[in-house]
Amino acid sequence: MIRSIRSRLQWWYGAVYALSIVVFGCLVYWRADRDVNERATLQVVSTAQYLDVSLRGVRPGPNRDGGSMRDAGPLNPPGDRGGDQFPSDFSVGPLPPEFQFRPPGDRRPGMGPPPGNRGPGNRGPGSQMGPGGRMGPMNLGRPPEPFSEDGEGRPPIDRMEFTVWRRDGSVLARSDGALVDRGSEMTKPTGVDHPPRVIRGNGYIDAAMKGPHEATILVRRSMKNDMVKLHRFGFQIAGMALGTLLIGIVGGWWISGRMVQPIQLISETAAQISAANLDRRIDTSRLDQELVQLASVLNCTFERLETSFARLTQFTADASHELRTPLAVIQSQMELALSQPRSVESYQQTLETCLRSSERMRSLVDGLLLLARTDADHTELQRETIDLRSVAEKAVAQLQEKAVSAGIYLECAAPEIAVEVNADIRFLMQVPVNLIDNGIQHTPPGGRIFVEVRIEGADAVLSIRDSGCGVAAEHLQHLFERFYRVDTGRSRRHGGSGLGLSICKSLVESHGGSISCESTVGEGSTFLVRLPLSGGSMDHYPKKKIVS
Amino acid sequence: MRVLVVEDEPDLLRTIAQVLREDGYAVDEAPDGQEGLYKATSWEYDAIVLDLLMPKLTGWQVLEQLRKTHKTPVLILTARDGINDRVRGLDGGADDYLAKPFHLVELKARLRALIRRSLGLASSQIQVGELTVDTKAKTVIRGETLVMLTPREFSLLELLALHRGQVVTRTQIYEKLFDESDDSLSNLVDVHVSNLRRKLGKDFITTRRGQGYILHD
């Protein structure tokens, strides 16, 4: 399955799917991270601004001795009336519940006002007074319980704290204790200006700004719990992504299995098709369009395979039939001769019969061998430039005697100029010999055979016309097939093997030519052999055709 | 016994005919299907040896035409030995099938078997009284002694033995004993009968005047 389509499909699909899930998850996480940070920034900045506004709203008042900021001690040392004057009892309006502010000694929860029921502008001395009277300018209580560590294990919300420094660096006001982080002791920042500057630190976020009277305001918010929540969210996303990926991969495997199933069906059918049942075909009715095409191509191949297999079987049957008959003659003759003592004449007759039969077998085997050789490859041809006229004349001379004894007039006509073709004389000679011999066999006594060599365009043409019985149209197309016989027994009496014309066709085609036959029943037949004239490029000869 | 050989290969036809004649059969020859069919329907043969691929009419066509009127046993002798050809031949009405090349002894044995079956005999020996006619060994044993007969005499005795208890006409005998190429006169039958009587004894063959001969059990 390493190189299977299904697993490759699965790998690619899985990879793309996983990548998209990872990208999507990262996007969501990044977005959530940004939201958290933006919210926290907004919180610290707005709180810093609020503190700034609060400090601006404080009118310098009489210095009340003994009154002091709870955390910071006296704003101004007694006697020091100059510089920034902050009343000792100034107060800041309601702050967000994130401020963990608690008057000393007061442990009651819920001291502060519910968030939101007073606007930041609704402030003033006494408005936020806790039970401790003027004690707390930042009279804020604990945040309501639901926001603290709850029963469901959610982390508590992050706290804020602030510090306001006077110009000389002493602390004017400070929220209750360094609750954000013990490690992050708040130090007065330098170089701050009016618009709050946001500083991100390790696990917290600061907003620093210049307040009235050159005071410095620093608001710090812890990011610890937010980060815990964010990480928890991240894990949830990762878990969901993993689950989705698993579902997707399993589903994908199932789907790809279904997709591959028809292919398996095709290959199973194809595997079942063997020499014994070549008539089987792949059922295309249940296949998808893309596979129908493949299946049709395969079916087409099977069709051709079946045809050529049938042809091969037929050829083998015919060849064995042709070989068995003379063999049967030899065997039965021998058996008969040996069954009892016979006369010398009888033995002579037996031997003559056997010789005839073996001659027939030899010519048949020669023919088969020749066919096999021309089928196999054409490299065996030793081509040279030869004159087709001399080939035709030699063939006519060779068969003249046979024609005369059959009472047939055989003549040859050729042009004055040489008709040169590039051919192997040993093989090409067979073509006119076979065709003339065929003509003699099928022409009644008194008939004539006319052999002609001529040039037509770029072709050398050898035409052999007889005035024989002709061939019916239905036989014409099969005429060059091996062992095809117009009359099943006729040529045997003439000693023909049934291979002559197919040998001619094979030989002519191996020389890059073509052979055809025109015939009218009762009038005679004309065989036309076309060969390319030599002098032209040898390269344009067609390559070997698929043996039919 | 008279058989017809239909074969388009002249050498083979001649050989088969010769070997069957030497075995005592009267053999007619036909070089193609048409002539074969004509002869097969014109005469009563004990068996026909038929080739399949022949000019004019193929063996299958001959068989098809012949089977419309005749039950003559047919042995197909052909170079086509494919299983489909065998099945087609046997289903087409042939009684046996032999592929070329073949052994003459097998051809002869199959012919004997065909004829035996068509006459309803179980074995190749026919018992008539104290005579044992062995159609396979072509011998006749009378009691304990072997009687020497010429092939033609044997064929005559075999014919009478096969139809023992029935009158066999001179024409029947003539047709079964002499083939088409034999121009012997029909009174040659009488010569053979008298030769048989001389060798086997007078009582075996009875003459029914004007009818023919009969061999009694």
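We name chains A, B, ... by the order of the sequence lines, and we start the count at 1 in each one. Reckoned from all heavy atoms, side chains included, excluding hydrogens, waters and symmetry mates.
Taking both residues in full, the closest heavy atoms of A:Leu336 and B:Leu104 are given as N-CD1, 3.6 Å, listed atom of the first, atom of the second, then distance. Between A:Ser357 and B:Asp11, the closest heavy-atom pair is OG-OD2, 4.5 Å. The heavy-atom pair separating A:Arg324 from B:Ala79 by the smallest distance is CD-O, 3.2 Å.
Put simply, OG on A:Ser320 and CG on B:Asp81 are 6.0 Å apart, with the number rounded to the nearest 0.5 Å. Rounding to the nearest 0.5 Å places CE of A:Met334 at 11.0 Å from OG1 of B:Thr15. Here CG of B:Leu53 is found 4.0 Å from NE2 of A:His321. Values are rounded to the nearest 0.5 Å.
Only the side chain of A:Gln331 comes within contact range of chain B, judged by heavy atoms closer than 4.5 Å. Within the 4.5 angstrom heavy-atom criterion, no atom of A:Thr350 approaches chain B. Interface remark: B:Asp85 contributes no atoms to any contact with chain A (heavy atom separation under 4.5 Å).
Side-chain contact of A:Thr353 with B:Arg14: a donor-acceptor pair under 3.5 Å is present, judged by distance alone. Side-chain N/O atoms of A:Thr325 and B:Glu9 include no donor and acceptor closer than 3.5 Å.
In this structure, A:Ser332 and B:Ile16 have side chains that are not in contact, with every pair of non-hydrogen atoms separated by 4.5 Å or more.
Between A:Glu335 and B:Lys108 there is no salt bridge, since no side-chain N of the basic residue sits under 4.0 Å from a carboxylate O of the acidic one.
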